[in-house]
Amino acid sequence: MKLKRRTFLRVAAGGALLMGDWPKIMLGAQEDAPDGATLQKAFLHPPDSARAKTWWHWMNGNVTREGITLDLEAMQRAGIGGVQLFEVGEGIPPGPVAYGSPEHLELLEFAANEAARLGLE
């Protein structure tokens, strides 16, 4: 397909205008794009919704209340926004807490409460 010169110029000019508005489009601003100081502040201190999340592995029942608190506090200090918990057991020596036991369920509830206390998802 051969593009006529006039059509090409019209499309290119429209694209150039659109590219000039990318900060407004990307940041959702309708009227004014943020200035450099605002962007720098947002970059250095992102909102909680922009914090990274991480995987958190519980290794075959090798988990304690103290360890849960220490792990979550360290993640919070590092700027982590939340965790996705995985229970891993294959090839790992079993710990004192059996998966699905009442103690295990209590530790899951404790971890959720600790995460909430620290502002983690």
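Values in this document were obtained by computation on a predicted structure and should not be read as measured data.
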*Crowded around Lys53 NZ? As in, over 12 foreign heavy atoms under 6.0 Å?*
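For Lys53, atom NZ is crowded (more than 12 foreign heavy atoms under 6.0 Å).
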*Assess whether atom CD of Gln40 is packed by more than 12 heavy atoms of other residues, nucleotides or ligands within 6.0 Å.*
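No, because the 6.0 Å sphere around CD of Gln40 holds 12 heavy atoms or fewer from other groups.
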[atom2] on [Y] to [atom1] on [X], rounded to 0.5 Å:
X     : Y      : atom1 : atom2 : value
His57 : Gln84  : NE2   : CD    : 9.0 Å
Arg77 : Leu72  : CZ    : CG    : 11.0 Å
Arg65 : Glu114 : CZ    : CD    : 8.5 Å

*When Phe86 is tested against each of Trp58, Trp55, Trp56 for ring pair (Phe, Tyr, Trp, His ring centres under 6.0 Å), which residue passes?*
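Answer after filtering Trp58, Trp55, Trp56: Trp55.
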*Any idea which heavy atoms bring Ile80 and Thr54 closest together, and the distance?*
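Smallest heavy-atom distance, with atoms named: CG2-CG2, 3.9 Å.
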*Non-hydrogen atoms of Asn60 and Pro93 that approach each other most closely*: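 Result for this residue pair: ND2-C, 3.7 Å.
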*Please check if Leu118 and Leu85 belong to a single hydrophobic cluster, counting links between Ile, Leu, Val, Met, Phe, Trp and Tyr side chain heavy atoms closer than 4.5 Å.*
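Same cluster.
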*asked:* Is the shortest side-chain heavy-atom distance between Glu87 and Val63 below 4.5 Å?
replied: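 The answer is no, as the side chains (C-beta and beyond) never meet within the 4.5 Å cut-off.
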*Does the side chain of Pro96 reach to within under 4.5 Å of the side chain of Asn62, using non-hydrogen atoms?*
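Answer yes - side chains close enough.
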*Residue among Leu107, Leu105, Thr64 satisfying side chain to side chain contact (heavy atoms under 4.5 Å, CB included) with Val97*: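 The single option meeting the side chain to side chain contact (heavy atoms under 4.5 Å, CB included) with Val97 is Leu107.
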_Salt bridge check, Glu73 against Arg117: does any charged N sit closer than 4.0 Å to a carboxylate O?_
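A salt bridge links Arg117 with Glu73.
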